Amino acid sequence: MSWTDERVELLKKLWTEGLSASQIAGRLGAGVTRNAVIGKVHRLNLSGRAQPQRNAQPRAPRKPREPSLAARAGGALPSLATAGSNALKPMMRAAMQPRPQALPEPQPLRLVDLPQDGRVTILHLSDKTCKWPIGDPGSEDFCFCGHGPRDGSPYCEYHARLAYQPLQDRRNRRSSFN
């Protein structure tokens, strides 16, 4: 596609009339794309455009909407909790809201089954030991918990409760400090 003088003049005329780049490309035809029109407009430094023609007649007022199912029911229908898109969300089922259960305060554990010197070092760790660090890693006293971990966690029950706190609890604690 080459830009002839006639095409450039037609482009300038259509651009100032307010046509879109797609519309101009359609009028120029013969392999002229929307992107080619946009590129040429920028190279020609064409700026001022007429506003696109709008219909002088005012729009007809919208028809009032029919109230939604929830509004007709007085807003009593709870919505289901969904993850991601709501496109497949069921319409008529009531969602059961899980009740937040307060977790009991973790009880401190007694250190048992420790090696003879009483410390579980990195050499003693396995998939059957809690990997919660105790103390300063740079000090001589540093060790790990060593208790049996709970299923699917590197930590025992006590340390898992410390490590994996619900988000709401963390937010509440953070807001209480502010």
Side-chain angles (χ1 to χ4, degrees), residues 20-23 25 33-39 41-43 47 49 51-52 54 59-178:
S20 70
S22 297
Q23 293 169 329
T33 65
R34 172 185 169 272
N35 287 338
V37 170
I38 292 171
V41 164
H42 286 290
R43 286 190 298 277
S47 57
R49 293 181 56 144
Q51 293 297 322
R54 299 203 177 212
R59 285 187 179 180
R62 288 186 174 188
K63 291 189 284 185
R65 283 186 174 178
E66 196 172 307
S68 69
L69 183 62
R72 281 185 271 164
L77 293 178
S79 65
L80 290 173
T82 57
S85 173
N86 289 333
L88 300 177
K89 182 178 178 181
M91 295 297 290
M92 297 291 288
R93 290 190 186 161
M96 294 192 55
Q97 297 294 330
R99 292 183 185 178
Q101 296 179 356
L103 293 175
E105 193 63 34
Q107 298 296 320
L109 297 176
R110 293 178 305 132
L111 295 177
V112 293
D113 301 329
L114 293 177
Q116 291 178 357
D117 64 352
R119 296 181 317 125
V120 176
T121 65
I122 198 163
L123 300 174
H124 297 105
L125 291 181
S126 70
D127 59 340
K128 295 179 174 57
T129 57
C130 174
K131 295 166 182 66
W132 187 267
I134 299 173
D136 179 20
S139 73
E140 194 68 31
D141 300 359
F142 181 71
C143 62
F144 294 89
C145 170
H147 285 88
R150 72 179 195 186
D151 291 338
S153 173
Y155 305 121
C156 63
E157 187 65 38
Y158 175 75
H159 290 123
R161 287 185 186 169
L162 293 176
Y164 306 119
Q165 297 176 5
L167 181 62
Q168 193 62 36
D169 292 350
R170 287 184 289 179
R171 283 185 182 150
N172 291 343
R173 231 179 281 124
R174 191 179 310 137
S175 65
S176 68
F177 289 120
N178 293 336

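Because the structure is predicted, anything quoted here is derived from the model rather than measured.
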Next item on the list: Hey, could you give me the CZ/CZ distance between R161 and R150, rounded to the nearest 0.5 Å?
Entry: 8.0 Å
Next item on the list: Working to the nearest 0.5 Å, report the span between CG of N35 and OG of S22.
Entry: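 Here the rounded value is 8.5 Å.
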May I ask you to test the [X]-[Y] pair for a side-chain heavy-atom distance under 4.5 Å?
{"X": "P149", "Y": "Y155", "result": "no"}
{"X": "C145", "Y": "V120", "result": "no"}
{"X": "F142", "Y": "P133", "result": "yes"}

Check: Does CZ in R43 sit with more than 12 non-hydrogen atoms of other residues, nucleotides or ligands closer than 6.0 Å?
Finding: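 Yes, CZ of R43 has more than 12 neighbouring heavy atoms, counting only those of other groups under 6.0 Å.
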Next item on the list: Taking atom CD1 of I122 as the centre, report whether more than 12 heavy atoms of other residues, nucleotides or ligands fall under 6.0 Å from it.
Entry: no
Under a 3.5 Å distance rule, please check whether [X] uses its side chain to pair with a backbone N or O of [Y] as donor and acceptor.
{"X": "K131", "Y": "S126", "result": "yes"}
{"X": "S139", "Y": "D136", "result": "yes"}
{"X": "H42", "Y": "G39", "result": "no"}

Item checked: Plane angle bin for H159 and W132 - parallel if under 30°, tilted between 30 and 60°, otherwise perpendicular -> parallel
Next item on the list: For residues T121 and F144, report the shortest heavy-atom separation together with the two atoms involved.
Entry: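 The pair with the smallest heavy-atom distance is C-CD1, 3.9 Å.
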Margin query: Show, in sequence, the C-alpha distance, side-chain angles and deciding distance for Y164 and S153, and conclude whether the side-chain contact (heavy atoms from CB on, under 4.5 Å) test is met.
Written below: CA-CA 10 Å; Y164 306 119; S153 173; 3.8 Å; yes
